[in-house]
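The structure appears right after this line, and notes come after that.
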Protein chains: 2
Amino acid sequence: MENIQLSVTENIFKKIKYDIVFGNLEPDQKLKLNLLQTEYNVSISILREVLNRLCGDGFIIYKVQKGFFVSPISKKDLYEIADLRITLETHALEISIKNKDYEWEAELLGAYHKLNHAENELEKNNLNAKSLWTKYDAEFHQMLIKKCNSLNLIRIHEVIFDKYLRYQLLILKYRGKESIKEHKDLLDYSLISNIQKAQNTLRDHIKKGVDYASSNLSL
Amino acid sequence: MENIQLSVTENIFKKIKYDIVFGNLEPDQKLKLNLLQTEYNVSISILREVLNRLCGDGFIIYKVQKGFFVSPISKKDLYEIADLRITLETHALEISIKNKDYEWEAELLGAYHKLNHAENELEKNNLNAKSLWTKYDAEFHQMLIKKCNSLNLIRIHEVIFDKYLRYQLLILKYRGKESIKEHKDLLDYSLISNIQKAQNTLRDHIKKGVDYASSNLSL
DNA sequence: TATAATTAAAGATTCGATTATTTTTATAAT
DNA sequence: ATTATAAAAATAATCGAATCTTTAATTATA
């Protein structure tokens, strides 16, 4: 019998991080402890543990005797995040491709297949597919760098990806056909081990995404 | 009158992080809360807040219902950290050099001067200079990337640098003359804006450092 | 009216105690 | 002697209350 029991702290951590990334908690919003206490139904100590952990990742800002605040957003921050994502993800992609095996190719094809399905649904204006697309986009990009053989790199990339995702979700629009083509190219270049073209495609993919996001973001 | 009052939490955070980086708390060591309580003379709640924050940065590992542990070390981890430092620091250096101004040049020269002084003291076998060298080495490298114009990048680099430093301090030995030459080159290439050579020097500098560390590390 | 001082309310910080879980030790059964 | 079971000790997790700080509201003064 499996024991999947998570502590209260772990559950609240996931909830609050989700609420920040998905915009339920707004940028700059002050996180008053007694409000959160009733909202999430936990004690203050638990909340402070969770908020401190999120501080470490930079999703929350802490000011002594002033409390906790959801991290602010800005175009400058968005471009910084995008630049970091490009730097980390292209580097990881190169190593990943160099280390690839059949199992990885299979998993990558699988991840692509799911993403492509969600993309098609979105093209048919099935708006329910939005959250699915979000999930599969993340999984596809995680799979691309999975063989980079560096837990540290994967861990940092994950944080940066979530920060990037937060901006994407603030826009809510979907870049459509262009992005679909880029994902297909990313898959194909990875499978034939063309590192240069795979990296260039990834770089353009993120740059176009961030420009699109930026132009749709009123700040 | 300035208000430099830090909360208890902030102070303990710095102390514990210092103790991890500088090896007073050993890798894999279990951080029992009541022991830490008497050691640092604070309540459990405070400790849990601090340990959670350090989890976010990866200096501490948390296992549900098992407690907190100082992150383990390994050669693989060291090489991952070094690779990340190279990736992040060369990228930041390029942008920094492109954005440079006279003020930065002046500050960089100042930082180099202090580092060079510490290096000379070490050459004279003045072992007290060791901790000074640690400080000035960090400051010199931070100054190199200061103009990269990305708080996110600087913040992440800082965490990686501290993780790298932790390994360096485990070795305690000093690489000597070679490293001195590299620092001088790093300064000169940055000042004449030779980005390629500055990046290559930095890459070699870190690679040689990590190889030196690795070969002196019994794991 | 505008500014400064005082008080009241709200909120952050810290702590000690209670509860729940895990680990260790002791005891019993095979 | 070895494994299984039960009791005890150690430790982690959680909570609610006490303390301290900041912010807002009120009153007093120029």
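Numbered from 1 within each chain, the chains take letters A, B, ... in sequence-line order.
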Residues A:K14, A:E10; criterion salt bridge (charged side-chain N to carboxylate O under 4.0 Å, His left out); working and verdict: CA-CA 6 Å; A:K14 282 181 185 160; A:E10 290 293 296; 5.5 Å; no
Within residues 35-45 of chain A, find the residues that approach DNA chain D with a heavy atom at under 4.0 Å, and present them sorted by residue number. A:S43, A:S45
Taking only the side-chain heavy atoms of A:I46 (C-beta and beyond), determine which of D:dT11, D:dT14, D:dA13 contains the nearest atom. D:dT14
Give, ordered by number, those residues of residues 48-61 of chain A having at least one heavy-atom distance below 4.0 Å to an atom of DNA chain C; if nothing qualifies, reply none. A:R48
Distance, rounded to the nearest Å, where B:F69 contributes CZ and C:dT22 contributes P: 13 Å
Side chain of A:L33 - closest among D:dT11, C:dT13, D:dT23: C:dT13
Please list, chain by chain and in numerical order, all residues satisfying side chain to side chain contact (heavy atoms under 4.5 Å, CB included) with A:E139, sequence neighbours excluded. A:K114, A:K135, A:Y136
OP1 or OP2 of D:dA13 less than 4.0 angstrom from a side-chain nitrogen or oxygen of A:T9, does that happen here? no
C:dT21 P sits how many Å from B:Q65 CD, rounded? 6 Å
Indicate yes or no for a side-chain donor-acceptor contact from A:S214 to the backbone of A:V210 under 3.5 Å, with no hydrogens or angles considered. no
Checking side-chain polar atoms at under 3.5 Å, does A:D211 have a donor or acceptor matched by the opposite partner on A:Y79? yes
Euclidean distance, atom CG of residue B:N34 to atom P of D:dA9 [Å, nearest integer]: 16 Å
By salt bridge (charged side-chain N to carboxylate O under 4.0 Å, His left out) - contacts of B:E158 (at least two apart): none
Residues in side chain to side chain contact (heavy atoms under 4.5 Å, CB included) with B:D57, at least two apart? B:F59, B:R155, B:V159
Identify every side-chain donor-acceptor pair in residues 20-30 of chain A under 3.5 Å, counting partners at least two apart or on other chains, and give the distances.
from  : atom 1 : to    : atom 2 : distance (Å)
A:N24 : ND2    : A:D19 : OD1    : 2.8
A:Q29 : OE1    : A:E26 : N      : 2.8
A:K30 : NZ     : A:K66 : O      : 3.0

Given atom CZ of B:F13 and atom C1' of C:dT13, what is their separation to the nearest angstrom? 18 Å
A:Y62 OH to C:dG11 P: how many Å, rounded? 17 Å
What's the closest nucleotide to the A:K66 side chain, out of D:dT23, D:dA13, C:dA12? D:dT23
Are B:H205 and B:H141, when compared by the centres of their aromatic rings, separated by less than 6.0 Å? yes
Are A:K63 and D:dT22 close enough that a side-chain N or O sits under 4.0 Å from OP1 or OP2? no
Backbone N or O of A:L151 within a donor-acceptor pair of the B:E80 side chain at under 3.5 Å? yes
